[in-house]
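Residue numbers start from 1 in every chain, and the chains themselves are labelled A, B, ... in the order their sequence lines are given, proteins ahead of strands. Bear in mind that the values here come from a model prediction, so they are computed numbers and not experimental data.
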Amino acid sequence: MTNKEIASHLREIAVYKEISGDNPFKVRAFDQAARAVESSADDGAVLAAEGALTRIKGVGRGIEEVILEFIGSGRSRELDALKSAYPPTLTDLLAIPGVGPKKVKVLWEKLGISTLGELEYACRENRLLALEGFGRKTQDNILKGLAFRKRYSEMHLYSEALAGAREAIGILERSGRFQLASIAGSLRRGKTYFKDVDVVLVPARGARVGDATAAVAALADRGEEGDGLIGAGDTKVSVRRGGLQMDFRIVPPESYPFSLQHFTGSKEHNVAMREEAQRRGLSVSEYGVTVVETGEVHTFRGEQELYAFLGYAFIPPELREDAGELEAARAEGLPALVELRDLRGEMHCHSTWSADGKATIEEMAVAAAARGYSFLCLTDHSHYLREGRLQAQWQEIEDVNARVTPFRVLRGIEANIRANGELDVADEDLSQLDWVVASLHTSFDRTPTERILAAIENPHVDCIGHLTGRRLSRRSGAEVDVERIVARAAETGTALEINAQPDRLDMRDVHARLAGEAGVRIPVTTDAHSVAALGYAEFGIGQARRAWLTREQVLNTRAWPKIARMLA
DNA sequence: GCCGTTTTCGGCCCGACTGTTTTCAGTCG
């Protein structure tokens, strides 16, 4: 039983208590206990065995009992009782932005709505309008949220798809039945959203085809709802595993470079490349390159040789979108793309000073140092740093710096850009900070471009956070005039970040490329609210590479003193 | 339900924003 499982159990109790209209302070107690258990350095199961669960601040007698029962039997009477009063799907409604526990309660009690489908139906029949506290606008927004969810419910984020693919490949490699295994498709190109994952496999020498396909088919046997074998032939096996569809291509070693190239795509890239090859009398397929006139077939050891034979420098997968990469590769004009190991510091992250932060300043600093970074800009939400707390935080930063030297924590903040375009932090405070990020968090449809431009004009603002505010699984972002913002950011030296949260990846690739070409400074940041989330940097670097960015163009590939001089 | 303590109850984070209201409740972060 992991702390995470215990925490999600407590959180579920909190949700149901809230829907049932229980005392809000009890609700909060369960919520806080969940958070405390989740971020506790101690193993909850061990503490339970020692009878020492109440040592976790936020866990008292009552919640201790709930946890003990849960560890013992995998359930708790408390939650069972709460759940029995409602349909099991009721909490699905909370996924719609603008719908919280109170609205769920009303929807259920007044209209008997317990599923997303019923909710949509009721909206279409204007039945929400009759409810107290609901109106036309609320109903429209719910419909919008439902449509967004429907459109993307089958999609997976970069982080999920990558983790699923790596796990599956690990199992196949350990089976000893394959000599080569590589992620291909849009995942290899570092895209944002995925319907499925493509993997190219080469069986081990001497392995029978049937053994290879059987090993892949076995991946489907994982027991999650909807998982299973979708189809299996000699060269292609499709499975659904952990909710993720994976297509495996099993190819002989001599076809591997061509198959990897072919299945990596993009389709547009391949079409353009093949058309150009055709004009030169060559035919390219996933099996090889043929000289049309003589019928001579060329094979290669890797993609590199394939591209070289066709007259191109090697094109990194992230650039294969038919967006100018073929011409550049022919003219040796491809950029040397930034790599994960180039990063020297983190420039947007949170600590426990933000209510949603899970690690202390020192824990974040130690973890960043362990990643090989030399600095970290602490950018807690301005909201939590009022009335002297900002100064108190500076004191803690100073204390931490004394302990972690030569690593350095810089004074930063994530200020909110209000609906009226003003920042929610006084200039006097901003002027004493090393690094100021300004971000939109609300009112995305209220003149977002003008508000961001206003923030850029503030001389204390160093960077705009998550440009559009999109949440890939929840909402599309603000429609901003990227060209105007990029132009002004370049003129003023204001940075525009690539926020690496798997759910954001904001700026998106085409916008980041535009910014890079305009000479805007672009930090790749994780917006980490925990130690583990510092690892999101990998996804941000993928996005930066898709934007054609070099190490030079990514701001935090430099040590802090150099960045400080650039900001001065 | 938890915490703290001036030890047995009172207080529990809060500001911004939206949409519904016409002074406020719900949601979000």
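- Ion pair A/Asp503/A/Arg471 flagged as a salt bridge, since at least one NZ, NE, NH1 or NH2 atom sits closer than 4.0 Å to an Asp/Glu carboxylate oxygen.
- One C1' atom belongs to B/dT6, the other to B/dC13, and the distance between them is 24 Å to the nearest Å.
- DNA chain B is contacted by no residue of residues 497-507 of chain A, taking any non-hydrogen atom closer than 4.0 Å.
- A/Glu346 contributes a side-chain N or O that, together with a main-chain N or O of A/Thr526, makes up a donor-acceptor pair within less than 3.5 Å.
- Between the side chains of A/Asp380 and A/Ser354, at least one donor N or O lies within less than 3.5 Å of an accepting N or O.
- In terms of position along DNA chain B, the nucleotide closest to A/Gly60 lies nearer the 5' end than the nucleotide closest to the other residue of the pair A/Gly60 and A/Arg389.
- Base orientation at B/dT8 is syn, since its O4'-C1' glycosidic dihedral falls within 90° of 0.
- Spacing between B/dC3 and B/dT8 at atom C1', rounded to whole Å, works out to 12 Å.
- Taking the C1' atoms as reference points, B/dT21 lies 24 Å from B/dG29, given to the whole Å.
- A/Arg446 comes within 4.0 angstrom of the backbone, heavy atoms only, and of no base.
- Using Watson-Crick or G-U wobble geometry with both donor-acceptor distances under 3.5 Å, B/dT8 finds no partner in any strand shown.
- Residues A/His383 and A/His441 keep their aromatic ring centres 6.0 Å or farther apart.
- Residue A/Val59 is in sugar-phosphate contact alone, with no base atom involved, counting any heavy-atom pair closer than 4.0 Å across all strands shown.
- Under the 4.0 Å criterion applied to side-chain N and carboxylate O atoms, A/Glu65 and A/Arg61 are not assigned as salt-bridge partners.
- Contact annotation for A/Lys26: base contact, defined as any heavy-atom pair under 4.0 Å involving a base atom.
- For the residue pair A/Glu414 and A/His350, a side-chain donor N or O sits within less than 3.5 Å of a side-chain acceptor on the partner.
- Shortest non-hydrogen contact noted between A/Gly145 and A/Pro97 is CA-CD, 4.4 Å.
- Of the residues in residues 109-140 of chain A, those with a non-hydrogen atom less than 4.0 angstrom from any atom of DNA chain B are A/Gly133, A/Phe134, A/Gly135, A/Arg136, A/Lys137, A/Thr138.
- Closest-nucleotide positions on DNA chain B for A/Arg451 and A/Asn23 were compared, and the one nearer the 5' end corresponds to A/Asn23.
- Spacing of C1' atoms, B/dC14 relative to B/dT22, comes out at 24 Å, to the nearest Å.
- Among the atoms of the strands shown, only primed sugar atoms or phosphate atoms (P, OP1, OP2) are found under 4.0 Å from some heavy atom of A/Pro97.
- For the 3.5 Å distance criterion, the side chains of A/Asp427 and A/His460 fail to qualify, holding no donor opposite an acceptor.
- Using a distance-only test at 3.5 Å, with no hydrogens or angles considered, no donor-acceptor pair links the side chain of A/Arg488 to the main chain of A/Thr494.
- One N or O on the side chain of A/Asn556 and one on the backbone of A/Val524 form a donor-acceptor pair closer than 3.5 Å.
- The separation of B/dC12 from B/dT20, taken at their C1' atoms, amounts to 28 Å, rounded to a whole angstrom.
- Where DNA chain B meets chain A (any atom under 4.0 Å from a heavy atom), the bounding nucleotides read 5' to 3' are B/dG1 to B/dG29.
- A cation-pi arrangement is found for A/Lys103 relative to A/Phe134, the charged atom lying closer than 6.0 Å to the ring centre and inside a 45° cone about the ring normal.
- A donor-acceptor contact closer than 3.5 angstrom links the side chains of A/Asp506 and A/Thr468.
- Backbone-only contact: A/Asn141 has heavy atoms under 4.0 Å from sugar-phosphate atoms and none from a base.
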